[in-house]
Amino acid sequence: MTEKQNRKAVEIPDFLTVRALADLMEVSPIQVIKELMDNGILANINQQIDYETAAIVAEEMGFETRPKAPPAVEEEIPMIPQPLKERIYEGEAPEDLEPRPPVVTMLGHVDHGKTTLLDVIRHTNVVAGEAGGITQHIGAYQLEHRGKKITFLDTPGHEAFTAMRARGAQGADIAILVVAADDGVMPQTQEAIDHARAARVPIVVALNKMDKANANPERVKQQLADVGLQIEEWGGQTICVPVSAREKTGIDDLLDNILAVAELAELKANPNRSAMGTVIEGELDKSRGSTATLLVQNGTLRLGDALLIEDLSGRVRAMFNERGEQVRKATPSTPVVVLGLSNVPHPGDTFKVVENEKTARAMAARRAEEKEKAAIQPARVLSLDEILDQIRAGQVKELNLILKADVRGTIEPIVDSLEKLGDEDLKVNILHQGAGNISESDAMLAVASRAIIIGFNVKVDPAASRTAEAEGVDIRLYDIIYELIDDVDRALKGLLEPVYKDVVSGHAEVRAVFTIPRVGKIAGVYVADGHVARNSLARIGRNDQLVYDGRVSSLKRFTEDVREVREGFECGVGLEGFKDFEEGDIIELYKKERES
Ligand code: GDP
């Protein structure tokens with residue numbers, strides 16, 4: 001891209017941030033970070049660089065440079081959706097947060113080389129001094145590249161990634177999408193993209209098998225663009241790195257780019273607190289008992305810490321890294337094998353350190369009890385209705401859908417119609433669409449992203465059916481497009497915030513005011529028109545001022561409680577939280593009626 005650019009001029013101040021420089025040149029900050037890397041400078045997006053450095057980078061990127069007197073204005077532009085940073089670290093004071101290594105997962109179509117690539121990365125980057133050291137498979141490993149750490153999750157595939165999310169955990173910060181350059185975008189490539197997007201995790205494409213004679217990177221880039229992944233060199237934001245896991249080429253470049261994306265995401269955690277994180281693997285070891293690989297996501301895990309993992313408890317009796325070495329502590333983004341648990345936890349379970357073992361045991365017991373109770377009740381419902389409730393409560397602004405149809409050809413018209421439904425406040429968001437039966441991975445995605453699955457002329461795989469039933473995922477099957485669209489439309493309409501209008505139901509004139517022990521002030525009224533009903537809404541205006549707006553709390557005829565008193569009768573009226581009746585007040589009775 002740089003070559004194609006005419007030599008545009010930029011004015012560079014004495015000092016500016018990487019972001020500001022990128023803005024000046026109207027290029028992605030990633031390109032600037034990479035260019036700096038090539039010049040041996042490891043900078044993050046907010047780092048200040050001086051004129052000299054900036055000028056070198058800019059010249060190399062095809063710009064003419066001139067010094068500029070006043071400093072450039074900085075702007076906060078979120079370049080990449082920042083993953084669930086907020087969720088784990090919410091409540092942390094910004095000044096307590098420190099940078100942490102990225103956690104990376106490998107996604108892609110079967111046989112495109114995920115496993116090979118993970119192995120190559122692991123073995124070519126053994127931490128210095130450990131050359132030849134055997135790393136054990138513990139579900140994750142950490143390596144160092146250019147003096148910076150990167151954590152890789154060792155179980156490739158979006159199924160594992162989404163299964164973890166379905167359990168409420170988000171392990172990865174960055175997804176490497178492995179695409180074989182000779183095979184291109186395949187159904188699982190598309191699925192992986194959708195799953196990563198649903199999780200708001202940035203994607204770096206590793207274009208693998210570049211050693212093959214029939215590798216066709218340009219074709220793959222076009223295919224990626226067709227499914228909405230715009231490659232950086234084509235003006236998009238997705239980095240695409242050609243590699244060959246077999247020939248071990250491009251690996252450094254891939255790792256450089258992971259670091260660049262990580263810098264942009266500004267991943268942080270507070271190392272100075274008790275640890276919390278996610279279970280990556282659990283195992284029952286004959287000699288060591290229950291063990292688990294834990295990924296610390298916030299805080300620091302230490303030897304002796306008391307652990308609560310869902311409804312299990314334990315104490316960290318020993319901790320090992322992926323090389324089998326004992327460690328005494330694990331900081332954010334570090335995976336460790338932990339010994340000393342009461343039972344084997346599941347991948348995706350979340351853990352936290354609590355005060356002491358006794359507390360851990362008590363909390364675990366309580367959770368186990370709750371779980372048992374929940375098991376007797378019907379499955380947790382993720383039905384359309386429940387999701388609509390959440391939307392109504394303002395917690396959700398999108399209706400997430402997963403759409404499967406028998407053939408590609410029918411998907412497009414359905415998507416077109418669905419996307420026209422909804423409005424500004426409430427959108428239809430199609431997380432994933434594809435041809436074929438509803439699979440377990442679809443069901444998992446639905447759980448993880450609170451989505452409804454819609455099938456058109458397709459069946460539900462037995463495994464998907466089991467997951468959906470257990471988790472209460474709503475699967476709706478149709479064979480007539482019109483019915484499908486209509487159903488979703490009606491659902492959306494039903495949940496659009498209803499508009500209410502006030503309808504006046506009567507007026508009552510206050511003729512006397514009484515004090516009744518334990519009840520308070522009661523107005524003796526004459527119902528001038530309409531009627532007064534118990535629980536009816538009521539308001540009082542005086543001199544053009546609203547002095548009360550609330551609800552009828554008591555209604556009596558003589559000493560009897562009554563439901564309703566009609567026009568022309570007298571009665572006693574109490575208003576919720578009001579005692580300042582004055583003779584001559586007019587109480588207006590009204591109700592709210594739904595307009596739409
Ligand atoms: P996964 O299913 O995505 O984990 O794919 P694997 O890592 O198991 O690789 C599938 C096949 O592709 C294996 O036979 C690998 O040896 C082969 N493979 C992986 N990477 C490369 C590569 O860069 N070049 C070539 N020629 N073959 C590769």
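For ligands, and for the atoms within them, numbers begin at 1 and follow the listed sequence.
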Interatomic spacing from CG in Asn214 to CZ in Arg219 - rounded to 0.5 Å: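 Atom-to-atom, Asn214:CG and Arg219:CZ are 9.0 Å apart.
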
Run the side chain to side chain contact (heavy atoms under 4.5 Å, CB included) test against Ala262 and tell me which residues pass, sequence neighbours left out.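 Testing Ala262 for side chain to side chain contact (heavy atoms under 4.5 Å, CB included), a comparison that skips the adjacent residues, returns Pro102, Ile174, Leu267.
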
Within the 4.0 Å heavy-atom sphere of ligand 1, strictly under, residues =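 Within the 4.0 Å shell of ligand 1, which is judged on heavy atoms, sit His109, Val110, Asp111, His112, Gly113, Lys114, Thr115, Thr116, Asn208, Lys209, Asp211, Lys212, Ser244, Ala245, Arg246.
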
### Message
Any carboxylate oxygen within less than 4.0 angstrom of a Lys/Arg side-chain nitrogen, looking at Asp182 and Lys212?
### Response
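Lys212 and Asp182: salt-bridged.
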
Please check this pair: side chain of Ser465 against backbone of Asp461, looking for a donor-acceptor N/O pair closer than 3.5 Å.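 No; judged by distance alone, with no hydrogens or angles, the pair does not exist.
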
ring-ring contact (aromatic ring centres under 6.0 Å, His included) partners for Phe152, two or more places apart: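 Residues passing ring-ring contact (aromatic ring centres under 6.0 Å, His included) with Phe152: Tyr141.
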
Quiz item: Residues two or more places apart in sequence or in another chain: which of them pass ring-ring contact (aromatic ring centres under 6.0 Å, His included) with His432?
Solution: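 Expected list: none.
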
